[in-house]
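Reading through the structure tokens given below for one structure.
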Amino acid sequence: MSDATATPLAAPRGGNRPSALRRALGHPSTMIGLCIVVFFSLVAIFAPWLAPYDPNVSDWLSIRQAPSALHWFGTDDLGRDVLSRVIFGARASLAAGLIAVTIAIALGLPLGLIAGYFGGVLDMVISRFTDALLAVPFLVLAIALAAFLGPSLENAMIAIGVSAMPIFIRLTRGQVLSIKNEDYVTAVRALGVRDRSIIASHILPNILAPVVVQATITMAVAVLAEASLAFLGLGQRPPAPSWGSMLDIARQFLTEAPWMAVWPGLAIIAIVLGFNLLGDGLNDTLNPHGEGD
Amino acid sequence: MLSFILRRLLVAVPTLFLVSILVFGLLKLLPGDPALALAGQEPSPEIVEAIRVKYGLDQPVPVQYVRWLGGIVQGDFGTSIRTRLPIGETILQRLPVTMQLAFQAMLIALLIGIPAGVFAAIKRGTPVDWMVSTIGLGGLSIPSFWLGIMLILLFAVSLGWLPSGGYVGFFQSPIDNLRYTLMPSLVLGTAAAAIVMRHTRSSMIAVLRQDYVRTARAKGLKERIVVTRHALRNGLIPVVTTSTLHLGELLSGAVLTEQVFGIPGFGKMIVDGVFSRDYAVVQAVVLVSAAIFILLSLIADIAYVILSPRLRS
């Protein structure tokens, strides 16, 4: 998994945030990525109104029908409308991405803050633990955790979130180390402000930019990982639609119904590309040193 | 150099030790009794107890951990409950299959990624750069298992040029081996090519800004010579190290690719282990994956020091 290289915004709180946001939105990658992500979010929210059919209802007279005016994306092995299942599948993918990233940040950010700010034994323990987790390939760790927790969408989200956590610990720690000895932090510390207040008011706001960039990139990774786990039978349980599990079933009917495999895959590519473009654009704008690299 | 390698080893060993604790801890957190799982269907309590004693499961957890780790240090990963074969032997049989796929994939990735990255860096800021970079992002966004399915659909189902799945060993038939591993390598190589391309591009952009490149241009050298003889030599140093590290990531990708193409490799072992609730296999695969990753990072660090003249001195 790649990690964000953005450095914290130079000025403390509130400094150039509006212009950074404007710059970010002016970047073509950010705009295209944002449009794709917003599109899929709207599809997921309004799925019941957008889907032409119930995604779980079988029509035994329409089994494995090719795309037509009645079924734009064709039907699957149980006669279910593929378009409706792709539309509802957006819910599982986006929910998995969002919740997994939330778990990763909720665990990784505090641990990174503690390790970076306080240093010493705490830093050593957290850093070695992070190194150990980062040594296991991301998907291998996610598969092992999902298997240990049992196959379900919720457990897949936890497994992906925990697997993505170490990257946030390392990123946060690095960012804290780079700013904790800045003059403005030293000044408030000299004034006797408590550590908790310094972290909340002076450190956290200045490390948020790279965390946001990393969160966006991790959303792409999490959506791919959820699809992978579902494909392996470790994610969303049938009959609920999920793009990964749809592909797993489609694999068995490649010669008879290739359309079953095409659409869920294209949906995954589009949404992952959306998050990747958004993350890349944000990284370019919020990372003044690496601009475009 | 020797002291550098020793220092890196001193960091690598405790990391691997911590991974072993995490992996062992995971199994212990699991609900259910491993002795019961090993005993098969409807076993008598005596048999379950005998298995518990035989495998030391009646001992305190720290003792079990020390025994388990002691076995692994000697190459004994335990026995698979599904195949009844020693896990260490199975890993030794399957690891070369995945390594072959990973090396072929990396070759494809380097052949595509380096020229594309150099080209994008030279054309930085132009529509060509944006197009190459977006194609690269596209490569990163394609699920490997979907790409595998699409290639099977095209080259196996429609055209009939390549087999849709399976594996033939290289020493059995090199030609067939290539036919069976071409599509999986392409699948694995696609995402890797995108990563190599991105690293090459950013590294080359940084190098092309350097003073010595400006001097080479000022001497009147042709741009092609400046890029290939001067910039590329330094620009590729980080690419070599990140590609070495990425070989470890390819193990992760191989899990899905081997599943799609039915290749009996190291990656498929974890999936088979998961579905047969063969947790000793899962533990072993996770631990060996981590060990390979740590070894590759060590190699990458050493390669970086050797290749980078500034660090070498």
Side-chain angles (χ1 to χ4, degrees), chain A residues 1-2 5 28-29 32-33 128-129 131-151 220-221 223-224 227-228 231-234 243-244 247-248 250-251 254-255 258 261-262 264-266 268-277 279-280 290-293, chain B residues 11 14-19 21-23 26-27 29-30 124-125 130 133-134 137-138 140-147 149-150 152-153 157 164 195 198 201-203 205-206 248-249 251-253 255-256 259-260 267 270-271 273-275 277 279 282-283 285-287 289-291 293-294 297:
Chain A
M1 195 169 36
S2 60
T5 51
S29 294
I32 297 171
R128 292 293 80 77
F129 169 73
D131 287 347
L133 281 174
L134 282 172
V136 184
F138 176 76
L139 195 61
V140 170
L141 184 60
I143 290 172
L145 286 172
F148 287 137
L149 292 167
V221 175
V223 168
L224 262 183
S228 307
F231 178 75
L232 292 173
L234 294 168
W243 295 337
L247 284 172
D248 182 31
R251 198 159 53 117
L254 271 189
T255 41
V262 173
L266 290 179
I268 298 170
I269 294 173
I271 198 162
V272 174
L273 184 63
F275 280 117
N276 274 332
L277 281 168
D280 243 29
E291 193 196 337
D293 303 356
Chain B
V11 178
T15 306
L16 197 56
F17 178 66
L18 263 178
V19 175
I21 294 177
L22 285 173
V23 169
L26 267 180
L27 192 82
L29 287 175
L30 264 182
R124 192 189 175 210
W130 198 81
S133 300
T134 309
L137 267 190
L140 277 181
S141 308
I142 301 175
S144 59
F145 52 95
W146 183 78
L147 185 61
I149 292 171
M150 289 299 113
I152 291 174
L153 204 55
V157 177
S164 62
I195 290 166
R198 286 163 69 86
R201 178 183 173 274
S202 61
S203 170
I205 285 173
E249 284 295 318
L251 279 182
S252 194
V255 174
L256 291 160
Q259 186 68 12
V260 170
I270 191 167
V271 181
V274 161
F275 287 106
R277 303 186 77 79
Y279 293 116
V282 178
Q283 270 183 326
V285 173
V286 175
L287 194 63
S289 302
F293 188 80
I294 289 169
S297 13

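Here is how names work: the chains are called A, B, and so on, in the same order as the sequence lines, proteins then strands, and each is numbered from 1. In this text the structure is predicted, and so the values were computed from the model without any measurement.
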For each of V157(B), I149(B), V274(B), tally heavy-atom pairs with chain A at distances under 4.5 Å, and name the one with the top tally. I149(B)
Any chance you could measure T255(A), atom OG1, to I152(B), atom CD1, to the nearest 0.5 Å? 11.5 Å
Side chain, backbone, both or neither: which part of V271(B) has a non-hydrogen atom closer than 4.5 Å to chain A? side chain
For the CD1 atom of I269(A) and the CG atom of L147(B), what is their distance to the nearest 0.5 Å? 8.0 Å
When heavy-atom pairs shorter than 4.5 Å are enumerated against chain A, which of L287(B), V19(B), I195(B), L16(B) gives the highest number? V19(B)
Given a strict heavy-atom distance threshold of 4.5 Å, which part of P143(B) is in contact with chain A: side chain, backbone, both, or neither? both
Using only atom types and a distance under 3.5 Å, with no angle test, would you say the side chain of W146(B) pairs donor to acceptor with the backbone of A261(A)? yes
Is any side-chain heavy atom of S141(B) closer than 4.5 Å to a side-chain heavy atom of F275(A)? no
Does any heavy atom of chain B fall under 4.5 Å from the side chain of A220(A), the backbone, both, or neither of them? neither
When every non-hydrogen atom of A135(A) is compared with those of F293(B), the smallest separation belongs to O-CB, 3.2 Å
Sort out for me which of G150(A), P28(A), P137(A), S29(A) touches chain B most, counting heavy-atom pairs under 4.5 Å. P137(A)
Answer whether the closest heavy-atom distance between the side chains of D131(A) and L18(B) falls below 4.5 Å. no
Nearest 0.5 angstrom please: L254(A) CG to S164(B) OG, how far? 8.5 Å
Sub-4.5 Å side-chain heavy-atom contact between L232(A) and F145(B): no
Between I294(B), V260(B), T134(B), V285(B), the one whose heavy-atom pairs under 4.5 Å with chain A are most numerous: V260(B)
Segment of L134(A) engaging chain B (4.5 angstrom heavy-atom cut-off): backbone
For L22(B) and A132(A) the tightest heavy-atom approach is CD1-CB, 4.0 Å
For I32(A), is it the side chain, the backbone, both, or neither that has a heavy atom closer than 4.5 Å to a heavy atom of chain B? side chain
Can you say whether I142(B) sits under 4.5 Å from chain A via the side chain, the backbone, both, or neither, judging by heavy atoms? both
Side chain, backbone, both or neither: which part of F275(B) has an atom under 4.5 Å from a heavy atom of chain A? side chain
Chain B contact via V223(A) - side chain, backbone, both or neither, heavy atoms under 4.5 Å: neither
Interatomic distance, D248(A) atom CG to Q259(B) atom CD [nearest 0.5 angstrom]: 8.0 Å
Give, for atom CG of L273(A) and atom CG of L140(B), the distance between the pair rounded to the nearest 0.5 Å. 9.5 Å
Heavy-atom distance under 4.5 Å between the side chains of L139(A) and E249(B), does that happen here? no
Report the distance from atom OG1 of T15(B) to atom CG of L133(A), rounding to the nearest 0.5 Å. 11.0 Å
Top residue by heavy-atom pair count (under 4.5 Å) with chain B, among L141(A), V140(A), I271(A), L145(A)? V140(A)
